[in-house]
Amino acid sequence: MPKSEMSLDSRDRAILRLLQADGRLTNVDLAEKVNLSPSACLRRVKLLEERGLISRYVMLLDERAAGLSGVAFVLVTLDQQGRGALDAFEAAIQRHPEVTECCLLAGAADYMVRVAYADAADFERIHTEILTQLPGVVRVQSTLALRSVKKTTALPV
């Protein structure tokens with residue numbers, strides 16, 4: 001069943017909201033918060049995992065505390081847009097942990113890449129040694145974020 005066709009009741013939605021806010025909630029605590037028995041709650045969570053709605057559990061780091069005080073959004077244009085060129089670029093970008101997100105675009109640029117960096121020298125290194133050296137890249141246009149106004153990993157469920 002495609003994710004868009006999944007029907008969720010209010011308890012499923014509550015479970016998802018709570019786990020998005022705190023993925024370390026124990027099943028007992030989660031069950032109490034959604035007014036279910038622990039076994040019924042665990043069954044629901046397992047079903048949400050099996051259906052692919054819960055894709056994985058992660059720990060989020062604070063970028064500044066990790067020494068990455070800068071964020072840049074980089075528009076990347078390739079010399080070709082054929083499947084081979086896109087595949088080569090996408091495989092190569094996976095190897096760089098400085099790239100925290102990469103999206104294929106419809107528009108003037110081919111990709112938008114989110115980069116986390118420590119300082120100006122670090123961003124220059126990423127720009128010259130990584131981004132401009134990726135397969136097929138003919139142009140990069142960077143925009144530096146001054147500060148984050150909103151950042152969330154939670155989806156509206």
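Both backbone and side-chain heavy atoms feed into the values below; hydrogens, waters and symmetry mates do not. Count residues from 1 along the sequence.
The shortest non-hydrogen separation linking F73 to A145 is CE1-CB, 4.2 Å. A108 approaches T77 most closely through the heavy-atom pair O-OG1, 4.2 Å. Closest non-hydrogen pair, R64 versus S69, comes out as NH1-CB, 3.5 Å. In terms of heavy-atom proximity, P135 sits nearest to A92 at CD-CB, 3.5 Å. Taking all atoms of both residues into account, the shortest heavy-atom contact from T152 to A154 is OG1-N, 3.0 Å.
No donor-acceptor distance shorter than 3.5 angstrom exists from the side chain of S142 to the backbone of V74, with no hydrogens or angles considered. Listed for the R11 side chain is a donor-acceptor partner under 3.5 Å among the backbone atoms of N35. The backbone N or O of L155 sits less than 3.5 Å from a side-chain atom of Q20, completing a donor-acceptor pair. Although no hydrogens or angles enter the test, the distance criterion places a donor-acceptor pair under 3.5 Å between the side chain of N27 and the main chain of P38. The backbone N or O of V71 lies less than 3.5 Å from no partner atom in the side chain of R114, so there is not a single donor-acceptor pair.
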For a side-chain contact (heavy atoms from CB on, under 4.5 Å) check, start with the C-alpha distance between L131 and E98, then their side-chain angles and the critical distance, and finish with the verdict.
CA-CA 10 Å; L131 298 174; E98 300 91 344; over 6 Å; no

Evaluate side-chain contact (heavy atoms from CB on, under 4.5 Å) for H96 paired with V113, printing each intermediate quantity in order.
CA-CA 11 Å; H96 300 286; V113 176; over 6 Å; no

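Hydrophobic clustering (side-chain heavy atoms under 4.5 Å, transitive across Ile, Leu, Val, Met, Phe, Trp, Tyr) groups V34 together with L53. When hydrophobic clusters are built by joining Ile, Leu, Val, Met, Phe, Trp and Tyr residues whose side-chain heavy atoms come closer than 4.5 Å, directly or via intermediates, L48 is grouped together with L30. Under the 4.5 Å side-chain contact rule for hydrophobic residues, V115 and L105 do not share a cluster. Linking ILVMFWY side-chain heavy atoms closer than 4.5 Å, directly or via other members, places L134 and M112 in two distinct hydrophobic clusters. Cluster membership check: I126 shares its hydrophobic cluster with I93, using side-chain heavy-atom separations under 4.5 Å among Ile, Leu, Val, Met, Phe, Trp and Tyr.
Here the CD1 atom belonging to I15 is positioned 6.0 Å from the CG atom belonging to L36, to the nearest 0.5 angstrom. The CG atom of L18 sits 6.0 Å away from the CG atom of L25 when rounded to the nearest 0.5 Å. For the atom pair CG of D110 and CZ of F89, the computed distance is 8.5 Å after rounding to the nearest 0.5 Å. Rounding to the nearest 0.5 Å places NZ of K151 at 3.5 Å from CD of E63. Interatomic distance, L19 CG to I54 CD1, rounded to the nearest 0.5 Å: 5.5 Å. The structure places CD1 of I130 at 5.0 Å from CZ of R125, a figure rounded to the nearest 0.5 Å.
Environment of CD in E49: crowded, with over 12 heavy atoms of neighbouring residues, nucleotides or ligands closer than 6.0 Å. Within a 6.0 Å sphere centred on CD of E90, heavy atoms belonging to other residues, nucleotides or ligands number more than 12.
Contact of the Y117 side chain with the L144 side chain is registered, since non-hydrogen atoms from C-beta on lie closer than 4.5 Å. Using a 4.5 Å heavy-atom threshold, the side chains of L78 and V76 count as touching. Annotation: side chain of D12 is not in contact with side chain of V157 (no heavy-atom distance under 4.5 Å).
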